[in-house]
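Inspection log for the structure reproduced underneath, given as structure tokens.
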Amino acid sequence: MKENKVSRVLKDQAIWLVFIVLVIAFTIANPRFITMNNLLIMLRQVAVWGIASVGMMFVILLGDIDLGTGSVITFVNILCAKLMVEFGVNMYLAVLISLLASTLIGLLNGFMVATIGIPALIATFATQTAFSGIALIMCNGQPINGFPEKFSVFGAGWVGPVPIPVIIMIICFIIGAFILNKTYFGRYFYAVGGNIEAARLSGIRTGRVKYLVFALSGFFAGLAGIVLLSRTNSGMGNAGLGYEFKVITCVVLGGVSVAGGSGRMSGVVAGTFIIGALNNGMVLMNINTWIQDIVLGIVLVLAVGFDCIQKKRQAN
Amino acid sequence: MKENKVSRVLKDQAIWLVFIVLVIAFTIANPRFITMNNLLIMLRQVAVWGIASVGMMFVILLGDIDLGTGSVITFVNILCAKLMVEFGVNMYLAVLISLLASTLIGLLNGFMVATIGIPALIATFATQTAFSGIALIMCNGQPINGFPEKFSVFGAGWVGPVPIPVIIMIICFIIGAFILNKTYFGRYFYAVGGNIEAARLSGIRTGRVKYLVFALSGFFAGLAGIVLLSRTNSGMGNAGLGYEFKVITCVVLGGVSVAGGSGRMSGVVAGTFIIGALNNGMVLMNINTWIQDIVLGIVLVLAVGFDCIQKKRQAN
Amino acid sequence: MSEEYVLQLQHIRKEYPGVVALKDVTLELKPGEILALIGENGAGKSTLIKCCSGAVIPTSGKIIVNGKEFSSMTPQLASENGIAIIYQEFNNVKELSAAENLFLGRPIRKGIVIDKKAMEEEAAKAFEALHIKIDPKALMKNLTVGYQQMVEIAKAVQQNAKILIMDEPSAPLTSAEVESMFEVVERLRKEGVSIIYISHRLEEIYRLSDRILVMRDGEYVKTLITKDSEVQELIKLMVGRELTQSYPPRKDCVKKDEVVLELQNVTGNGDTDISLKIHKGEILGLGGLVGAGRTELAEMIFGAVRKKSGKMIFNGKEIDPKSPREAINLGIALVPEDRKRHGAMLGISIKNNINMPIYERNSKLSVINNKQEQEIAEKYRENMAIKTPSLNQLVKNLSGGNQQKVILGRWMAADSELIIFDEPTRGIDVGAKYEIYKLMNDLVENQGKTILMISSEMEELMGMSDRIVVLSEGNMTGELSKEEFTQEVIMTYASAARDK
Amino acid sequence: VGCGSKDGGSDSKSESGDSKDKKYKVGITIQSLSNAYWAGVMGKLEEQLKDKGWDYTLIDCEDNSATQVSQIENFITSGCDLIMVHPSDAKAVENICKEALDADIKVMCWDDPMENTTANWVLDNTELGKEIGKTAAEFINDKFTADDKAQVTVIGYPSTKVLKERADGIKEGLKENCKDNYEVIAEVDGLEAPEAQSNVESVLSAHPDANVFVGVGAGAMIGSNEALLQKYGKGKIPENVGVITTDVTEQQLNSLKAGNEAVRSIVGFEGSNEDTAKACMEMYERILSGEKFEGDDHNVFRTIKPITTDNIDEILKGM
Ligand SMILES: Nc1ncnc2c1ncn2[C@@H]1O[C@H](COP(=O)(O)OP(=O)(O)OP(=O)(O)O)[C@@H](O)[C@H]1O
Ligand SMILES: Nc1ncnc2c1ncn2[C@@H]1O[C@H](COP(=O)(O)OP(=O)(O)OP(=O)(O)O)[C@@H](O)[C@H]1O
Ligand SMILES: [Mg+2]
Ligand SMILES: [Mg+2]
């Protein structure tokens, strides 16, 4: 047991170690990297992914996946923008309606997965395809802008020296950790992800757990969409294109097993920060876009591969 | 048993029924749809996906997934084009080298999945990211053209009234069905996909099976890439972008379970044809692209959902 | 209706595609009694009791709990109505701790926040009551099969259910653990809990039960009062014919001068310094308590896990199989303990399951010989008396016992020289057990095979083995020749390491 | 297209101590570098930058505004003298460009008339579309009459703002410059060549006499040209069948030059890629020299001119 704890902390640290190594490397390459200002900017850049990654983590814990995240972000982007600009809805109400809508899309995924029994990969891919079409129809492919001045607070505001999107992200991480470790339904996520049949026969309403998790994933994606909208100050019909994979990358880098049933919030935080550092640092280092792709692929393989090899060694 | 066979045939027919319904609907909307000419064009349009879907099906049978397909298509596109145009390599040799390269990428995936133990979703996503970068670097973002005249035979040639890519696709389907039903390693795919541990303890070298399957997936993707290159007569640095999901859709529509271990080639053929009919028919009906997305999402949910509900009913 | 019964299952019918698992079965459970449920493999015992929790939805029939009538149940309804079930298959979450598994689905909580500490304390108490030392914080995946089962039992007991259903709870347990389980069962009976107890071990049935319900082929056969019934009668009702001996006789065919497998100081996979010899034509029994490391030894011999050091000599040549394939090619087979996870490939057909290890051997240019495939499967279906309408039936649609027979058939077909049986009769009924024993005898007597048999059933171990080697916590603690076999000696060796 | 010449900057061949030869650091973010046109022009621009010995970073945002905002943030941090943005959505980068200006960094926008920039190098996409429409109209007016109407297919990509404007411009341009001698029979997607090719094939199947294909970019042209070549065969394309689009890429120009393919004319910009890169470089120098682009001068308009068989050779030289 003691040994277990030590090895767990070590494993957690491993991914943080990667982060630290990256930070050192980038700092050597360009000392500007380590400035407080740049670090905060870096966090602001990943805030959208970080927020969405909380919901995605829950889904992956169940052993499922949510490919709809990107479309939800786009959809919310357009919906909220349209509500404010075309229908003159009050900004807070618009945000509320948008979050509600994104949660409903999550519930739709939950319905398809839990009630109909469609594999999450397929169900959420269908959601992705359909809702990206819907968002484009809604905005007619045109950007929407001209929001109330105050709306930019979510994505571009500051509290003292800290950007508000970063604060939102950190709150989301804390809520995520609280749900997973302290609440009974958080424990159910692990149970359902680990052995759904056992969970069901123990009286856990596994269907409800799935609904809840997909709804939460929708909600966090929606929140991410709002922050994105406020940050760019303009709604676009392809704003969230491809975001699901960025978010999945954050979660998986953080050591959450795609097989479901295991993973910790702190890992996801590290995963998100690593992606942030890479994106930010490589631009500071003047690395070509295409090489950035290659580096990203390699880092992903190394991080996850290292984890896998460790687990294999442990198992023997 | 008899009943089993009947219900199996019925299930197979269900997806073919969807195809027939679609054909009838599109024919009513535009009688030109049913002309032999248009049907052949439709088949030619899906040839690239159909060819790649054979390899993808094997991977999905294992319970894995190959997100690298699109990148392999792109990479082969550029590699083969470059070999012919810049290095003046003989056309057949260039094709051979390209197929070899794509098989090697597949083996790389196999290595990551089987030997290191990285989940296929992650490993192949990394491949996708890295190789799309590599392809762009190789071609410097520029299209490559000026191939030997004869090269267009693979994508644009005819044997009598039948386009050659269609013939290649059909041959791939037949090879796929043969591998699955007649060879021992085809049996292994089902065994490994159904219960890998039991398969290993029955003496199946599960690692080799995975290597083989990913290599085949790479090979078929490579072949698809060659056909695409010949069809467009121009190598592009983003030629295969997003193809993996089109191919996955064909396979899954065809009733192959993403959980692994079950699925039949004839279903995949039907799935491919459905996608072809949709793409072609909706353009013929002059349906807006965005609505096409929505329709695609809905068809996917309906087809897979119907299958799931049937299976559920059977299980109870 | 009548208050005479706490639980009634009336006219339950359950159809699967192609199989009728239950035909009009009625079961009645009186308050405070222990009702034993027996029957051959595939009789439908597990299916019947799964109807009580909604794990199986009956096609027709009624379920009456304390006078309340249901057409089908859900796990929630079952728990609300005081029913707790220990399933035949494990139902735990490997990544969660023992304590959390104990409270799975009904955690101790304040509002939405769980109280981990309280759960761990309660769990510790529950384990203590069963006389087992399990750390409540230990992850389930790090516990042995036996301990996992004890957690299941503790979980069912912890629920304070009025009706407790146990589906072969003793199968993975060693005798000491079975004893502590019995204590608890007796205590619960005194507290007025009604219990349904399923087991293939008739001595347990006689020790515990008040009444016995016999099933055969999905049908209700008869209910007997335990103390008025005879073993022979029970067996006859179960299998529909008479059986006289529990262990078929075998002539001595051990060739003392021919060593098939010799282990010299084999270490690894949790075992240290194991040295033993298996002779041609011998059945060597491997005994020990839960966690003794027997399965681990078998895995090393079979190449599923590599050994760290030591030597293995097979037919005079040193071997070091790196994979099961290599071991199979050498002529070694393993019938694994956990058949759902390691043995049967549930989603594919019986035919494919039986042929799996020999496809490669029997293929020409990779192409399968369909005729031969069919013939081989047919042969072993007959040999093993596998109950199935068709060889194309998926293995998941078979009962546990029949699944085991398919796996045995697979290794018969593979024609291996040394066959390792890990708990070969776990969860198998007497009739089928006898057949499997006969098969094992036939293998060594007439086919020149050699067997290493791992078993937790003391009687089986003594009844079948020519020699017994006992392990304790990964160490070899004793070796007994046939004359020395007594339960006491084996138990002493088995607990040798623990007593130290 | 490649990395910046960080070290190449200091030891390059700049002997003259002229203030004009001062070394600058430029950050460039483009909508998409996997687009052939952009990759081509940027390749030439890189050559120019390397010649000057300037330090530069060239990246694309994969048509995502948020990514672009992040990239501009990173440019500000890394201490650029000039940031050039080719916006995915101009409105989305206004705020961050303002931050750049506040940090004393010059900002140039390529394509859109932005507010928070030092200067804009503008391509009016509606105008460009109209020009394409006009060029197509010339072809149509030449070959078709009200009795024998041209069957026009518009190949667009309405999911991005600029391309939608362009497609709308095309339709407007056709309306303005054609009589009633045409009808739009289909509108299909076609950003990338394979997609355009498939969709054009379907259109040809539905309307075997579809003859004029007007598109928004290189992909549309390459795809529809290939589909027509496969339908009719090289050199056998009827006179009244043609493809007219924009974007200047080598492949398009070669198709046009070949004369026996379906490409009839291309609406181009400054000329060759090299011409465009030079013009862009000139803009950089003007901006960095401190020139004020105020009032109407804030927007510098790019030239648009059709490329036909007449001027093609000259342009091909600079590709
Ligand atoms: N999911 C299923 N699909 C089809 N048939 C099934 C399914 N589950 C069980 N059966 C069939 O129902 C019958 C009863 O099986 P069950 O597991 O209840 O037997 P059992 O009496 O518990 O046997 P054992 O002693 O081996 O555990 C068997 O013939 C089996 O083939
Ligand atoms: N996954 C695991 N992680 C750590 N230790 C394990 C694991 N599995 C088993 N062990 C340890 O290995 C030893 C042997 O376990 P196991 O119960 O399989 O032995 P066995 O003799 O085969 O028992 P059985 O009577 O169940 O067949 C035990 O001490 C157990 O705690
Ligand atoms: Mg049973
Ligand atoms: Mg064991």
Side-chain angles (χ1 to χ4, degrees), chain B residues 26 29-33 35 37-42 44-46 48 73-74 77 132-133 135-137 139-146 149 152 155-158 163 228-229 231-243 276 279-290 292-293, chain D residues 1-3 30 32-43 46 60 62 153 156-159 184-208 218-219 222-223 225-227 229-231 233-234 249-252 254-255 261 273 319:
Chain B
F26 283 131
N30 187 340
R32 272 186 216 277
F33 180 85
T35 56
N37 187 34
N38 186 55
L39 291 180
L40 285 173
I41 281 182
M42 185 195 90
R44 191 170 66 180
Q45 289 168 344
V46 291
V48 172
I73 290 177
T74 307
N77 225 272
S132 72
L136 280 164
I137 289 176
C139 73
N140 209 2
Q142 291 297 299
I144 303 174
N145 44 50
E149 191 77 12
S152 69
W158 300 80
L228 181 71
L229 180 66
R231 182 166 145 71
T232 56
N233 218 355
S234 166
M236 289 273 270
N238 57 358
L241 195 73
Y243 270 44
N279 274 331
N280 178 284
M282 289 200 287
V283 172
L284 252 51
M285 279 175 70
N286 212 358
I287 293 179
N288 168 303
T289 1
W290 300 330
Q292 291 189 22
D293 279 347
Chain D
V1 184
C3 302
I30 302 295
S32 166
L33 275 177
S34 43
N35 174 295
Y37 172 71
W38 282 100
V41 173
M42 287 301 123
E46 281 191 287
D60 75 344
E62 289 166 350
T153 303
Y157 188 70
S159 306
V184 175
I185 51 163
E187 285 187 53
V188 296
D189 247 21
L191 182 62
E192 304 302 346
E195 194 187 14
Q197 187 174 348
S198 277
N199 287 339
V200 168
E201 281 171 355
S202 296
V203 170
L204 282 170
S205 184
H207 311 274
I222 295 167
N225 183 42
E226 202 55 41
L229 279 175
Q230 285 176 20
K231 179 174 162 136
K234 211 168 222 174
T249 65
E250 209 171 338
Q251 182 172 6
Q252 283 171 286
N254 285 330
S255 294
E261 299 185 16
N273 284 347
M319 292 306 290

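A note on names: the letters A, B, ... follow the listed sequences, proteins ahead of strands, and every chain is numbered from 1. Treat the numbers as computed from the prediction; the structure is a model and nothing was measured.
With a 4.5 Å cut-off on non-hydrogen atoms, D/V203 touches chain B through its backbone and its side chain both. Contact annotation for D/N35: only backbone heavy atoms (N, CA, C, O) come within less than 4.5 Å of a heavy atom of chain B. Within the 4.5 angstrom heavy-atom criterion, atoms from both the backbone and the side chain of B/R231 approach chain D. With a 4.5 angstrom heavy-atom cutoff, D/E192 touches chain B only via side-chain atoms. Only the side chain of B/N286 comes within less than 4.5 Å of a heavy atom of chain D; its backbone N, CA, C and O stay farther away. With a threshold of 4.5 angstrom between heavy atoms, B/L228 approaches chain D through side-chain atoms but not through N, CA, C or O. At a 4.5 Å heavy-atom cutoff, B/F26 makes no contact with chain D through either its backbone or its side chain. At a 4.5 Å heavy-atom cutoff, D/L204 makes no contact with chain B through either its backbone or its side chain. Only the side chain of B/N30 has a heavy atom closer than 4.5 Å to any heavy atom of chain D. Using a 4.5 Å cut-off between heavy atoms, B/T289 contacts chain D through its side chain alone, with no backbone atom that close. For chain D, the nearby part of B/N145 is the side chain; its heavy atoms alone come within less than 4.5 Å.
Checking B/Q45 against D/S202 by side-chain atom types alone, a donor-acceptor pair falls below 3.5 Å.
Contact count versus chain B (heavy atoms, under 4.5 Å) is highest, among D/A206, D/G223, D/A196, for D/A206. Your options are D/Q197, D/E195, D/E187, and the one with the most heavy-atom pairs under 4.5 Å with chain B is D/Q197. For the set D/Q230, D/E201, D/H207, the entry with the most heavy-atom pairs within less than 4.5 Å of chain B is D/E201. When each of B/I287, B/L136, B/N233 is checked for heavy-atom pairs under 4.5 Å with chain D, B/N233 comes out on top.
In this structure, the separation between CG on B/N37 and NZ on D/K231 is 7.5 Å, given to the nearest 0.5 Å. We find the OG1-CG distance between B/T232 and D/N225 to be 12.0 Å, quoted to the nearest 0.5 Å. Atom-to-atom distance recorded for D/E226:CD and B/S152:OG is 8.0 Å, nearest 0.5 angstrom.
Summarising the geometry of D/P194 relative to B/Y243, their closest heavy-atom pair is CB-OH, 3.7 Å, with the distance given to 0.1 Å. Of all heavy-atom pairs between D/Q251 and B/P143, the closest is OE1-CB, 3.5 Å.
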